[in-house]
Amino acid sequence: MASNFIDEPVDVDDDQFDQWYVDVIKRSGMMDNSPVAGCRVFKPYGYGLWENMQRRLDDRFKETGVENAYFPLFIPESMLAKEAEHIEGFAPEVAWVTMGGNRQLEERLAIRPSSESIICPIFAEWVQSYRDLPILINQWCSVVRWEERPRSFLRTREFLWQEGHTAHATADEAEERALQMIDVYNDFYINELAIPSVMGRKSDSERFAGALRTYTLEAMMRGKKWALQSCTSHNLGDHFGKSFNIQFLAPSGEREFAWNTSWGLSWRAIGAIIMIHGDQSGLQMPPRVAPVQAVVVPIWRTDEAKTQVFEASGQIERALKAAGVRVKVDRDAEHTPGWKFNEWELKGVPVRIEVGPRDVAAGQAVLARRDNRTKEAVPLDGLAGRVQALLDDIHTALFERALDFQRENSAIVRTYDALKERIAANAGFSYIFWDGDPATEEKIKQETKATIRCIPLHENEEEGPDLFTGKPVRGRVLIDRAY
RNA sequence: CGGGGAGUGGCGCAGUCUGGUAGCGCACACGGCUGGGGGCCGUGUGGUCGCAGGUUCAAAUCCUGUCUCCCCGACCA
């Protein structure tokens with residue numbers, strides 16, 4: 001992994017934040033550009049992070065009864081077009097296959113932008129009776145949306161994600177599942193990625209194409225303090241059940257349509273990790289999903305010292321592996337310790353373990369935290385336990401730092417002028433009282449470029465005057481610009 | 001699609017205005033000294049300047065055409 005990063009530390013000031021984001025992705029070895037415009041190469045270090053995220057999230061899905069499956073990449077145009085709102089929403093960004101070998105296809109095939117319209121008709125074949133429900137399916141795959149302005153992780157033309165699809169016998173059960181999954185995502189973000197966010201419901205204009213209701217987590221990025229939709233969970237109502245004829249015989253003997261949900265989280269979550277936890281030295285990996293949780297840097301001068309520190313390093317490696325810590329020993333002889341320190345900090349490894357002749361003599365190692373740069377000497381006995389404790393501490397510290405940042409940059413706004421000012425200044429989240437009128441929502445979007453990110457679900461019962469009409473309404477909505 | 005910028009060894013750039021046969025840093029190879037925060041010295045390898053055409057004794061440099069990428073905007077879970 002060669003790096004040309006030797007000039008100056010990456011900058012994370014507001015006005016250079018976008019460039020910092022591009023640089024840190026490249027320099028840390030997470031992702032590269034590719035010969036295909038808008039598509040990226042997901043390199044091993046980034047993919048390793050994704051694998052850990054997948055595992056942790058997949059386990060949570062399975063605990064709720066979901067099974068994994070896989071459905072085709074291609075969707076016949078006639079199927080994609082069956083749910084009117086769905087096709088209308090996706091039409092501008094669908095990539096099409098029109099040739100098969102040398103022959104023109106009879107019907108062109110969409111490369112899935114999302115799989116509702118291929119999975120729902122298959123569900124229809126699986127369901128006869130209410131006893132066949134619910135169906136709880138997830139797939140890990142990539143989808144394609146022909147975005148005009150790609151950004152690594154946040155908006156690429158092909159991206160990795162998971163999409164869950166369920167079918168239920170009742171409307172209530174579907175609503176319950178949609179809410180359950182947004183809770184699962186929230187738990188994943190907090191406890192694995194150390195990322196706080198605001199859980200809420202999308203306004204009608206921001207709702208997923210074809211959905212009855214869309215739930216979301218909106219997290220605040222550093223830099224411009226814009227919002228990032230971090231995942232999504234839709235109650236599709238019976239729109240797809242009816243469009244794709246998912247019918248079943250209810251206990252009553254009546255023929256009824258199924259109720260569906262779908263929910264997804266993409267590698268955009270990695271964009272959130274980068275933009276929330278990163279700093280002037282580079283990435284900061286959340287410890288529980290970090291590809292490398294601890295890196296051992298042996299330090300030596302003489303061959304004799306080298307033998308000793310390598311032996312101690314191997315001992316530490318074995319102890320940490322036995323304790324379930326993902327550890328790497330950087331035995332490279334080409335780079336100096338200082339070079340390695342910077343390189344692993346750029347890559348965001350939470351704990352660094354320095355082992356030099358002085359440490360070997362004292363039967364200890366030096367542990368350095370990525371988040372606050374503190375160092376401590378720890379005896380080799382019990383080192384693994386200390387590392388595990390540090391990883392937990394760092395997780396908590398990262399979460400607190402992100403939560404503080406979100407809180408410090410959130411405010412309730414009571415006049416439209418104040419709102420416009422905050423948005424223009426990239427001041428962060430603004431909460432306004434809003435009566436639900438789509439016209440004022442559109443006005444805000446046109447005049448400020450900010451959108452209603454969500455109508456928060458919890459702790460949002462206060463009453464106040466609508467920003468425009470002054471009529472009393474219950475609950476506030478979250479407004480910000482978004483990536 | 002509109003506005004701006006850029007294409008020169010693997011990467012990042014200078015050279016273009018004022019034509020004369022390509023240079024710097026990093027990386028890479030070898031040798032040596034070094035090694036607890038991106039260490040140093042020496043010796044080397046590697047490009048014909050996005051592509052096509054034109055002007056000229058001579059083109060990275062001037063002219064015409066063309067392709068690609070990046071940034072801003074529009075658009076967009």
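Per chain, numbering begins at 1; letters A, B, ... match sequence-line order.
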*Minimum-distance nucleotide to A:Pro337 side chain [options: B:rG38, B:rG36, B:rG37]*: B:rG36

*Measure the shortest side-chain to side-chain distance between A:Glu116 and A:Glu83 over non-hydrogen atoms and say whether it is less than 4.5 angstrom.*
no

*For the pair A:Lys225 and A:Asp480, find out whether any cationic side-chain nitrogen is under 4.0 Å from an anionic carboxylate oxygen.*
no

*Comparing A:Asn33 and A:Lys202 on RNA chain B - which has the more 5′ nearest nucleotide*: A:Asn33

*Rounded to the nearest angstrom, tell me the gap between atom CZ in A:Arg151 and atom P in B:rC75.*
17 Å

*Which pair of non-hydrogen atoms, one from A:Glu218 and one from A:Lys202, has the smallest distance, and what is that distance?*
OE2-NZ, 2.8 Å

_Side-chain N or O of A:Thr336 versus OP1/OP2 of B:rG39: is the shortest distance under 4.0 Å?_
yes

_Tell me the interatomic distance from A:Leu154, atom CG, to B:rC71, atom C1', rounded to whole angstroms._
16 Å

_As a test of reading the structure: which of B:rC76, B:rG36, B:rG37 is closest to the side chain of A:Pro357, going by heavy atoms?_
B:rG36

*Which class fits the ring pair A:Phe90 and A:His86: parallel under 30°, tilted 30 to 60°, perpendicular over 60°?*
perpendicular

*asked:* Given B:rG36, B:rG37, B:rC11, identify the nucleotide with an atom nearest to the side chain of A:Lys26.
replied: B:rC11

*Examine the base of B:rG37 for any acceptor or donor lying under 3.5 Å from a partner atom in the side chain of A:Arg352, and report the outcome as yes or no.*
yes

_As a test of reading the structure: which of B:rG73, B:rG36, B:rC76 is closest to the side chain of A:Lys449, going by heavy atoms?_
B:rG73

*Across all strands shown, which nucleotide pairs with B:rG25 by Watson-Crick or G-U wobble geometry, both distances under 3.5 Å?*
B:rC11

*Look at the side chain of A:Arg155 and decide which nucleotide, out of B:rC76, B:rG35, B:rG36, has an atom nearest to it.*
B:rC76

*Between A:Tyr483 and A:Val360, who's closer to the 5' end of RNA chain B by nearest nucleotide?*
A:Val360

_Nearest-nucleotide pick for A:Glu148, side chain only, options being B:rC75, B:rG37, B:rC76_ = B:rC75

*Interatomic distance, A:Gln229 CD vs B:rC76 P [rounded to whole Å]*: 14 Å

